[in-house]
Amino acid sequence: MTDLIDSLPTDRDLSDDEWRFLIEGDYDRQRLYDKADKVRRQHYGTDVYIRGLIEISSFCKNDCLYCGIRRSNAKAGRYRLSREEIYACCAQGYELGFRTFVLQGGEDSYHTTEWVAGIVSSIKERYPDCAVTLSLGERPREDYEIWHKAGADRYLLRHETASRPHYQKLHPPEQTFEHRMECLYHLKQIGYQTGAGFMVGSPFQETKELIADMRFLREFQPHMVGIGPFIPHHDTPFSDCSSGTLEQTLTMVALTRLILPQALIPATTALGTIHPQGRELGLKAGANVVMPNLSPVAVRGQYSLYDNKICTGEEAAECIGCMKRRVAAAGYRITIDRGDVKLF
Ligand code: 5AD
Ligand code: FES
């Protein structure tokens with residue numbers, strides 16, 4: 001089986017046994033990471049794209065069992081940024097060299113379709129050279145269409161797990177796997193650069209679920225894939241569960257690079273949270289995006305999806321400075337560029 005690593009990347013669909021070996025087998029992971037890094041360099045060189053993350057609301061009507069801002073968490077701090085606060089984050093981000101703004105938030109019913117559309121078009125008007133990415137959860141197809149017309153370029157909606165029974169163990173019954181998937185297909189059809197993704201080491205996850213994730217990515221062909229370890233949050237039903245591991249997460253990042261050579265894959269904040277060098281190691285295992293936080297420091301701590309989240313105390317300028325040093329030390333280079341996907 002070890003020559004399987006030599007044969008990567010491959011266009012053929014791997015068997016269950018082959019996937020199982022790649023995901024949990026006993027072999028030198030560095031060889032896998034190096035393969036992924038090589039493929040990434042073929043398409044993107046040493047370029048690392050930066051996205052300015054603006055966490056616009058910590059209100060959420062959903063109740064994902066793993067997430068710290070789930071509606072049942074009465075202890076979660078709740079805030080909502082005003083239009084003006086969002087524009088101020090963008091202005092600061094633009095000065096710092098960001099050419100993509102990611103508006104992310106809980107599923108907040110206060111955000112009407114028109115409110116979001118107005119913000120998107122205003123950002124695009126002020127910064128025609130920038131991309132706007134939305135990450136606002138599941139909405140009717142119509143909303144996605146209106147936001148796309150308003151100028152939104154990309155949308156991030158992690159599928160969380162490609163296994164229906166597993167999805168239902170992580171979510172209450174009213175949040176269905178079918179609806180999540182439907183949203184993803186709508187986004188892609190509408191013409192968004194679409195991001196999927198999943199947590200590694202989430203409760204009840206086994207290797208077969210990770211195999212399903214790999215097969216889903218191969219079929220869906222997302223432009224972006226966010227992969228991070230599950231990390232427990234103390235005020236959720238999964239507070240006693242253990243985090244996903246560094247090795248397991250890096251393995252999934254590398255395998256994702258090998259099946260989607262051109263994808264944009266972030267070295268996630270969650271990866272940086274479970275290990276001091278997590279994001280750097282993510283870059284060396286195939287990731288090519290980092291998403292420093294542009295949210296006002298005063299609210300950062302309240303966007304608490306999991307415990308011990310890093311970068312919550314740093315001003316945007318400090319965070320991007322720190323990130324530049326880290327990326328350079330890992331042997332890559334941050335680029336000021338919208339960083340669109342290089343189409344397959
Ligand atoms: N650990 C790791 N990632 C989490 N997310 C939410 N809660 C957690 C957690 N406890 C991730 C989900 C979501 C993204 C915004 O954050 O994958 O899609
Ligand atoms: Fe945010 Fe280091 S990357 S403080």
Side-chain angles (χ1 to χ4, degrees), residues 4-12 14 19 22-23 27-51 53 98-100 102 131 133 154 156 158 193-198 200 210 213-229 244 246-272 275 277-292 323-344:
L4 177 58
I5 317 279
D6 293 324
S7 76
L8 297 174
T10 171
D11 282 338
R12 88 190 157 79
L14 302 176
W19 274 124
L22 290 172
I23 293 170
Y27 66 94
D28 178 10
R29 294 299 153 108
Q30 197 56 50
R31 285 179 61 214
L32 180 73
Y33 307 156
D34 290 347
K35 275 262 168 173
D37 186 49
K38 192 170 154 205
V39 169
R40 163 259 170 63
R41 283 172 193 259
Q42 281 165 4
H43 295 278
Y44 290 101
T46 55
D47 289 354
V48 171
Y49 301 106
I50 48 172
R51 319 297 193 197
L53 182 64
F98 289 92
R99 295 297 176 265
T100 293
V102 182
T133 303
R154 311 183 186 133
L156 306 177
R158 290 190 181 178
Q193 292 176 43
T194 305
F198 56 99
V200 178
L210 291 168
D213 287 319
M214 291 297 100
R215 293 205 166 120
F216 167 69
L217 293 181
R218 231 178 102 91
E219 186 221 302
F220 184 68
Q221 296 276 312
H223 305 103
M224 303 165 286
V225 189
I227 302 169
L246 179 72
E247 180 175 271
Q248 190 79 105
T249 309
L250 295 176
T251 298
M252 300 319 294
V253 166
L255 291 172
T256 299
R257 170 61 61 204
L258 292 170
I259 55 172
L260 297 172
Q262 329 238 29
L264 292 157
I265 304 176
T268 55
T269 305
L271 192 49
H275 189 280
Q277 297 288 307
R279 289 167 298 176
E280 291 86 330
L281 293 167
L283 294 173
K284 292 183 184 181
N288 62 337
V289 171
V290 292
M291 300 174 68
M323 207 66 222
K324 274 186 184 151
R325 286 192 297 277
R326 287 170 177 269
V327 168
Y332 303 93
R333 197 180 55 112
I334 283 186
T335 57
I336 295 193
D337 179 305
R338 275 176 46 129
D340 289 295
V341 71
K342 305 205 167 145
L343 277 176
F344 314 137

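In what follows, residues are counted from 1 in the order of the sequence shown. Model, not experiment: these values are computed from the prediction.
- The side chain to side chain donor-acceptor pair (under 3.5 Å) search around Q30 returns D34, not counting sequence neighbours.
- With contacts defined as side-chain heavy-atom distances shorter than 4.5 Å, the pair L260/Q262 does not qualify.
- Residues satisfying the salt bridge (Lys or Arg N to Asp or Glu O under 4.0 Å) test with R215, not counting sequence neighbours, are D13, D16.
- Between the side chain of T335 and the backbone N or O of D337 there is no donor-acceptor pair closer than 3.5 Å.
- Residues V253 and A287 come closest through the heavy atom pair CG1-N, 3.9 Å.
- Rounded to the nearest 0.5 Å, atoms OH (Y33) and CG (L250) are 4.5 Å apart.
- Looking only at distances, a side-chain donor or acceptor of S7 sits under 3.5 Å from a matching main-chain atom of L4.
- A196 approaches F216 most closely through the heavy-atom pair CB-CE2, 4.2 Å.
- With contacts defined as side-chain heavy-atom distances shorter than 4.5 Å, the pair I334/Y49 does not qualify.
- By the side chain to side chain contact (heavy atoms under 4.5 Å, CB included) test, R41 is found to be paired with D37, T46, Y332, residues two or more places apart in sequence or in another chain being considered.
- A heavy-atom distance below 4.5 Å is found between the side chains of R333 and D47.
- Looking at every heavy atom in both residues, K35 comes nearest to L8 through NZ-O, 2.7 Å.
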Report the C-alpha distance between M252 and I23 in whole Å, list the side-chain angles of each, state the deciding distance to 0.1 Å, and finish with yes or no for side chain to side chain contact (heavy atoms under 4.5 Å, CB included).
CA-CA 7 Å; M252 300 319 294; I23 293 170; 4.1 Å; yes
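- We find the NZ-CD1 distance between K324 and I50 to be 6.5 Å, quoted to the nearest 0.5 Å.
- Applying the salt bridge (Lys or Arg N to Asp or Glu O under 4.0 Å) rule to R154 yields the partners D340; only residues at least two apart in sequence or on another chain are considered.
- When side chains are defined from C-beta on, I227 does not count as touching T268, because their heavy atoms never get closer than 4.5 Å.
- Annotation: side chain to side chain contact (heavy atoms under 4.5 Å, CB included) contacts of R325 (sequence neighbours excluded): C322.
- Within the 3.5 Å criterion, the main-chain N or O of L22 finds a donor-acceptor partner in the side chain of Y27.
- Using a 4.5 Å heavy-atom threshold, the side chains of E280 and V327 count as separate.
- Interatomic distance, D11 CG to I259 CD1, rounded to the nearest 0.5 Å: 11.5 Å.
- Going from atom CE of M224 over to atom CD of Q193 covers 6.0 Å, rounded to the nearest 0.5 Å.
- The minimum heavy-atom distance between L283 and R40, with the atom names listed, is O-NH1, 4.2 Å.
- Remark: side-chain polar atoms of R51 are not paired, donor with acceptor, to backbone N or O of T133 under 3.5 angstrom.
- Listed for the H223 side chain is a donor-acceptor partner under 3.5 Å among the backbone atoms of T194.
- In terms of the side chain to side chain donor-acceptor pair (under 3.5 Å) criterion, residue partners of R29 (sequence neighbours excluded) are, by chain and number, T251.
- Looking at R257 and I265, their side chains come closer than 4.5 Å, going by heavy atoms from C-beta outward.
- Between M291 and V289, the closest side-chain pair of non-hydrogen atoms falls below 4.5 Å.
- D213 approaches F198 most closely through the heavy-atom pair OD2-CD1, 3.6 Å.
- For G244 against P229, the heavy-atom pair with the smallest separation is O-CB, 3.8 Å.
- By the 4.5 Å heavy-atom criterion applied to side chains, R158 and V225 are not counted as neighbours.
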